[in-house]
2 protein chains.
Amino acid sequence: MNLLSQSQIVAFENKMENFIPNHSVDCVILGYEDQQLKVLLLKWKMHGGWCLPGGFIFKDEDMDDAAHRILQERTGLHQLFLNQFYTFGNQKRAEHPTDQDGRLIKESMTQLGFTKPAVLKWFNKRFITTGYFALVDIAKAQPQPDFLSAACEWRPVNALPKLVLDHNEILEKAIVHLRHQLNYVPLGLSLLPKKFTMQDLQKLYEAILGKPMERSNFQRKILKLKVLVRREKLMSGAANKAPYLYSFDENSYHRLIKEGIGF
Amino acid sequence: MNLLSQSQIVAFENKMENFIPNHSVDCVILGYEDQQLKVLLLKWKMHGGWCLPGGFIFKDEDMDDAAHRILQERTGLHQLFLNQFYTFGNQKRAEHPTDQDGRLIKESMTQLGFTKPAVLKWFNKRFITTGYFALVDIAKAQPQPDFLSAACEWRPVNALPKLVLDHNEILEKAIVHLRHQLNYVPLGLSLLPKKFTMQDLQKLYEAILGKPMERSNFQRKILKLKVLVRREKLMSGAANKAPYLYSFDENSYHRLIKEGIGF
DNA sequence: TTATTATTGTATTTTTTTGACACAATAAAA
DNA sequence: TTTTATTGTGTCAAAAAAATACAATAATAA
């Protein structure tokens, strides 16, 4: 039994000719939920291995557009924060690409139903891959597996499975990059819902920086940036003072980010 | 008259088959001299246009190694600070690549002496290029043109000629990247000679940040980092107090850089 | 109704860092 | 010996950051 339908196979065979060979794009799509940083992963049909969403670049397509296309296909979202962070060009990436059980991908491809030698050859090429990272509001995203995947799920970055190829390394690099770029990235705007409490924002920063911050000092520092608009109070039902909700003034936030937040 | 010798042409034709198609590497090699940030540029034989040193990646070569190889070939230096900063993947990069006079590169290639259709086709491919930036002690480098270039020179980044293709954009991005990464990069260690005065270091920072800094405050801040070792005084012959020479304690400097200097 | 509880918004105090400037020390020249 | 330009270091006020204090308040329990 093939894991792919005949039409899926033909569709890929046709597309393949229009891709740039040897180069791919992988997306580290990050979200924030339950006070945890999460990443969108795919589970391959063939051997159940987890990987980052990725794809190839059409010959007449800008690489950035390819990344946006992949992001859109996996989340249903577009026009999001999406930045390139690194290109992985080790020759070893390609050598003997094996699945979790050590079988060559080539064999797995046959199992999927691919028969054309050109396709088998394609997946055994050396690929240089460019990593992009996206910041996404999980509540708005609708995860969609691609045709090679059985599942598409949010997973906490602190408790990840072993990913295929060098995808763990790619993810690691994305997060380091995010930490370094923190002052130039619309973190809260991208990862939080429209309205949020000061505590939400603080917990987000703590999750990414991996260290606690003093509550009142955090609040003072953030408010001094003049990018938050105070909204109504949030009556959560808890037996204590209700916090205010805030939202970002997008214009002044983006202006600030250009210079660097200095946080 | 061909601009290339027959052996140069044959050598390239043979190498070409072993390169990964569609992908190149460009190096922004930065140095510091006469209180100015300088970049190493090549002047093409064919039309005199200036460009960044670049090259292709062998099929059995890591991309980082390709960048190191190119750097080594142009400067004679190896084991230097060399970091990837961005990959340029716009489809437009390839469209109608013209020389300064608007002639197609293809025609220029013929002028160089290339005749094989495969070679002409190669230079008209779409290339995705990965940019690396290196920080180099100019005094130690020995600029060497490649076989396509007539000259290889250090040029101040503040007074650059128009470069071929999108190389101005690549350089611009490298410098922005450098400014953002300043706290994670061994700036002084790479760009200055072993021993230097506090003024040398300050002038370097001023050149890169593009703004003056207060002398005594700069000194206090730098010394507090505990990465400088004070050496003997420099008797310059000037009619004033002689400054101390300093050198970096490489171990503690690299340790500091990992965390981020916070300067 | 009133005390209790947990958490919030803000104020206050303390400590650290920064920016601006002062000044004595000094290598060579006048 | 005086002059000159520049250096190393110190000071002082302003600003920023860290630590702490405390009243306000939404719901709950008494």
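Worth saying up front: this structure is predicted, and the values here are computed from it rather than measured. Residue numbers start from 1 in every chain, and the chains themselves are labelled A, B, ... in the order their sequence lines are given, proteins ahead of strands.
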Original post:
In whole angstrom, what separates Lys224(A)'s NZ from dA18(D)'s P?
Top reply: 11 Å
Original post:
Does a distance-only test, which skips hydrogens and angles, find a donor-acceptor pair under 3.5 Å between the side chain of Ser216(A) and the base of dT20(D)?
Top reply: yes
Original post:
Considering only side-chain heavy atoms of Lys233(A), which listed nucleotide, dA20(C), dT26(C), dA26(D), is closest?
Top reply: dA26(D)
Original post:
CD of Gln199(B) versus P of dT9(D): gap in Å, rounded?
Top reply: 16 Å
Original post:
So which one's nearest nucleotide on DNA chain D is more toward 5', Glu214(A) or Ala239(A)?
Top reply: Glu214(A)
**OP:** Give the rounded distance in Å between these two atoms: CG of Leu223(A) and P of dG9(C).
**Re:** 9 Å
Original post:
With no angle test and no hydrogens, is the base of dG9(C) tied to the side chain of Arg230(A) by a donor-acceptor pair under 3.5 Å?
Top reply: no
Original post:
Please give, in whole Å, the distance from dA24(D) P to Tyr244(A) OH?
Top reply: 13 Å
**OP:** Would you kindly compare Lys241(B) and Gln219(A) by the position of their nearest DNA chain C nucleotide and give the one closer to the 5′ end?
**Re:** Gln219(A)
**OP:** Would you mind telling me which of dA18(D), dT9(D), dT8(C) lies closest to the side-chain atoms of Asn217(A)?
**Re:** dA18(D)
Original post:
About how many Å separate CG of Leu82(A) and NE2 of His68(A), when rounded to the nearest 0.5 Å?
Top reply: 4.5 Å
Subject >> Whole angstrom value for the distance that separates P of dT7(C) from CE of Met198(A) >> reply: 17 Å
Original post:
Nearest nucleotide by nearest heavy atom, which residue falls closer to the 5' end of DNA chain D, Ala238(A) or Arg220(A)?
Top reply: Arg220(A)
Original post:
Under 30°, 30 to 60°, or over 60°: which ring-plane class applies to His177(A) and Phe133(A), parallel, tilted or perpendicular?
Top reply: perpendicular
**OP:** Figure out the NZ/C1' separation between Lys221(A) and dT16(C), and round it to whole Å.
**Re:** 13 Å
**OP:** Would you tell me whether Asp64(A) and Tyr132(A) have side-chain atoms, one donor and one acceptor, within less than 3.5 Å of each other?
**Re:** yes
Original post:
Once you round it to whole Å, what is the distance between C1' of dG19(C) and CZ of Phe263(B)?
Top reply: 13 Å
Subject >> Distance in angstrom units between Phe218(B) CZ and dG19(C) P, rounded >> reply: 13 Å
Original post:
Hey, do the aromatic rings of Phe248(A) and Phe196(A) have their centres closer than 6.0 Å?
Top reply: yes
Subject >> Partners meeting side chain to side chain donor-acceptor pair (under 3.5 Å) with Asn83(B) (sequence neighbours left out) >> reply: none
